[in-house]
Amino acid sequence: MTTVSEKIKIAIVGGTGYTGVELIRLLLRHPQAELCYLTSRSEAGIKVADCFPSLRGQTDLAFSQVDIEDLKQCDVVFYATPHGIAMRDAEQLVAANTKVIDLAADFRLQNLANFEKWYEMSHACPDILKQSVYGLSELNRDKIKNAMVVGNPGCYPTTVQLGLAPLLTQDVDLIDVKNIIIDAKSGVSGAGRKASLGLGFSENSDNFKAYSVAGHRHHPEIVEALENISGKQGVFDELTFVPHLVPMIRGMLGTIYVDLTDAGQHADIQAIFEKFYQNERFVDVMPQGSSPETRSVRGANQLRIAVQRVGQKRLIILVAQDNLVKGAAGQAVQNMNIMFGLDERLGLDNIALLP
């Protein structure tokens, strides 16, 4: 366990993307964090504050090229990079006793066949993958505590898992697990900080569209995670997951439709959710009949949930989060706090921005 007198030496690989700069923002305010090393292939040699004026006066660090020997000198390395980068370095870093938190997909899926199918690459370190822990903080913290490598969940899977976990961990079946519909919306920052016609202002402003309807990379992650949560195998393959792009910068809202079983129809669903998350600082179960808004979590490591019943059988679960914070960088910092025996709230207790 890290003591109060020690600071965690941190590197961020890929510090110029949206999740990378969000990590920088959060870690600069973390009382136990010392940012030592920031990398960027395109911006090497340029000061962070010159790339991001919001960080002027906050740090004198400049971006560097990646050097594995420099990374080994850190206590933990965050990878805010495209898929396939973290797994190239993970074996060497673990051997040097440096922890790894990957915000891409290299350590999210234990099923290698699914990983290779959806990400179109072979896994570089399957042995390390087997030892890695899926970093859904609220559900896996006991495993995260002792992990050397953590795969940070995808943003959509975070909303789905935390939205369904209270129902899937009961002694009786409360919902029909073969008939789950997930209608999910995200701001454009979820696609990353890159030049793309489809992400341009003129393409997205005054527009609303579904994408990857036939199959999204987060679908197998959601299925594998729900199987682990429920202990049920092979029953979630047919769930419907449709993501949508909303003309806003950040924010994510998931609307999950499920059918209640006979037991579920007689259960106090609101009480089940409130009890399940009663000790969780970053999950807010809102009062009966509420509807969470994305602006209520903007910039905060907060996820808000509301449940509403429609008729006797249908249950609607509404989940809102900031896709860049609780859906990415904030959850990564939360995982770091768990891995180093710190209070999970450190560096993450900021209030959402409004308006």
Side-chain angles (χ1 to χ4, degrees), residues 2 8-39 71 74-83 85-87 89-90 93-94 98-108 132-141 143-159 161-162 189-190 192-193 218 221 225 250 252 280-283 297 299-303 321-350:
T2 301
I8 303 168
K9 292 181 171 56
I10 297 169
I12 299 174
V13 178
T16 56
Y18 289 136
T19 55
V21 72
E22 197 74 349
L23 277 170
I24 297 171
R25 178 180 75 90
L26 295 172
L27 290 168
L28 284 174
R29 308 301 295 172
H30 193 298
Q32 292 297 112
E34 181 184 353
L35 269 178
C36 300
Y37 190 58
L38 303 172
T39 83
L71 297 182
C74 296
D75 298 310
V76 61
V77 179
F78 291 88
Y79 279 83
T81 53
H83 313 300
I85 304 299
M87 63 183 178
D89 299 340
L93 292 175
V94 169
T98 296
K99 298 178 189 293
V100 173
I101 301 175
D102 181 33
L103 280 76
D106 294 11
F107 299 100
R108 290 176 184 168
S132 69
V133 174
Y134 186 68
L136 203 288
S137 306
E138 284 74 16
L139 302 185
N140 293 335
R141 60 168 53 89
K143 294 180 179 180
I144 295 168
K145 286 178 183 177
N146 300 312
M148 286 298 296
V149 177
V150 166
N152 219 55
C155 46
Y156 284 125
T158 295
T159 63
Q161 291 172 77
L162 294 179
S189 61
R193 188 171 181 251
H218 284 171
E221 181 184 344
R250 61 166 80 203
M252 177 168 286
E280 296 295 345
R281 169 63 183 84
F282 298 118
V283 180
V297 293
N301 193 57
Q302 192 78 41
L303 182 141
Q321 70 173 0
D322 187 321
N323 58 292
L324 294 179
V325 189
K326 183 59 176 166
Q331 184 155 232
V333 174
Q334 189 177 350
N335 284 329
M336 180 195 77
N337 288 339
I338 295 170
M339 294 167 81
F340 286 90
L342 301 175
D343 187 323
E344 288 181 37
R345 297 169 295 180
L346 284 184
L348 296 171
D349 234 356
N350 55 308

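Here Asp343 contributes atom CG and Gln32 contributes atom CD; the two are 10.5 Å apart, rounded to the nearest 0.5 Å. Glu138 CD to Gln334 CD: the interatomic distance, rounded to the nearest 0.5 Å, is 4.5 Å. Here the straight-line distance linking atom CZ of Phe78 with atom CG of Leu35 works out to 8.5 Å at 0.5 Å rounding. Of the inter-residue distances, the one linking Arg141 atom CZ with Asn146 atom CG reads 14.0 Å to the nearest 0.5 angstrom. One finds the CZ atom of Phe282 at 5.0 Å from the CG atom of Asn301 (value rounded to the nearest 0.5 Å). Taking NZ of Lys326 as the start and OG1 of Thr159 as the end, the distance is 11.5 Å to the nearest 0.5 Å.
Side-chain atoms of Tyr18 and Arg250, non-hydrogen and from C-beta on, never get closer than 4.5 Å to each other. Residues Leu136 and Leu162 meet the side-chain proximity criterion, which asks for heavy atoms closer than 4.5 Å. Taking 4.5 Å as the limit, some side-chain heavy atom of Met336 sits within range of a side-chain heavy atom of Leu27. Leu324 places a side-chain heavy atom less than 4.5 Å from the side chain of Thr19. Residues His30 and Leu342 have side chains in contact (heavy-atom distance under 4.5 Å, counting atoms from C-beta outward). Side-chain atoms of Ile101 and Met339, non-hydrogen and from C-beta on, do get closer than 4.5 Å to each other. When side chains are defined from C-beta on, Leu103 counts as touching Leu23, because their heavy atoms get closer than 4.5 Å.
Considering Val325, Leu348, Leu346 as possible partners of Val333, the one that fulfils the side-chain contact (heavy atoms from CB on, under 4.5 Å) test is Leu348. Each of Asp102, Asp89, Asn152 was scored for a side-chain hydrogen bond (donor to acceptor under 3.5 Å, both in side chains) with Tyr79, with one residue passing: Asp89.
Closest approach of Cys74 and Lys9 over heavy atoms only: CB-O, 3.5 Å. Closest approach of Gln331 to Thr158, counting heavy atoms only: NE2-OG1, 3.2 Å.
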message = Before you tell me yes or no, could you show the steps for Glu280 and Leu303 under side-chain contact (heavy atoms from CB on, under 4.5 Å), namely the whole-Å CA-CA distance, both residues' side-chain angles and the distance that decides it to 0.1 Å?
response = CA-CA 10 Å; Glu280 296 295 345; Leu303 182 141; over 6 Å; no
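Under the 3.5 Å distance criterion, the side-chain polar atoms of Asn350 are matched with a main-chain donor or acceptor of Gly299. Distance alone, capped at 3.5 Å, is enough to place a donor-acceptor pair between the Asn337 side chain and the Glu344 backbone. Using modelled atom types, one side-chain atom of Arg108 and one backbone atom of Ala104 make a donor-acceptor pair closer than 3.5 Å. When atom types are taken as modelled, the side chain of Asn335 and the backbone of Gly135 share a donor-acceptor pair closer than 3.5 angstrom. With hydrogens and angles ignored, the 3.5 Å screen pairs no side-chain donor or acceptor of Asn323 with any backbone N or O of Cys155. Distance alone, capped at 3.5 Å, places no donor-acceptor pair between the Thr98 side chain and the Val94 backbone. The backbone N or O of Met87 sits less than 3.5 Å from a side-chain atom of Asp106, completing a donor-acceptor pair.
Partners of Phe107 under the ring-ring contact (aromatic ring centres under 6.0 Å, His included) rule, at least two apart in sequence or in another chain, are His123.
A side-chain N or O of Glu221 and one of Tyr134 form a donor-acceptor pair less than 3.5 Å apart.
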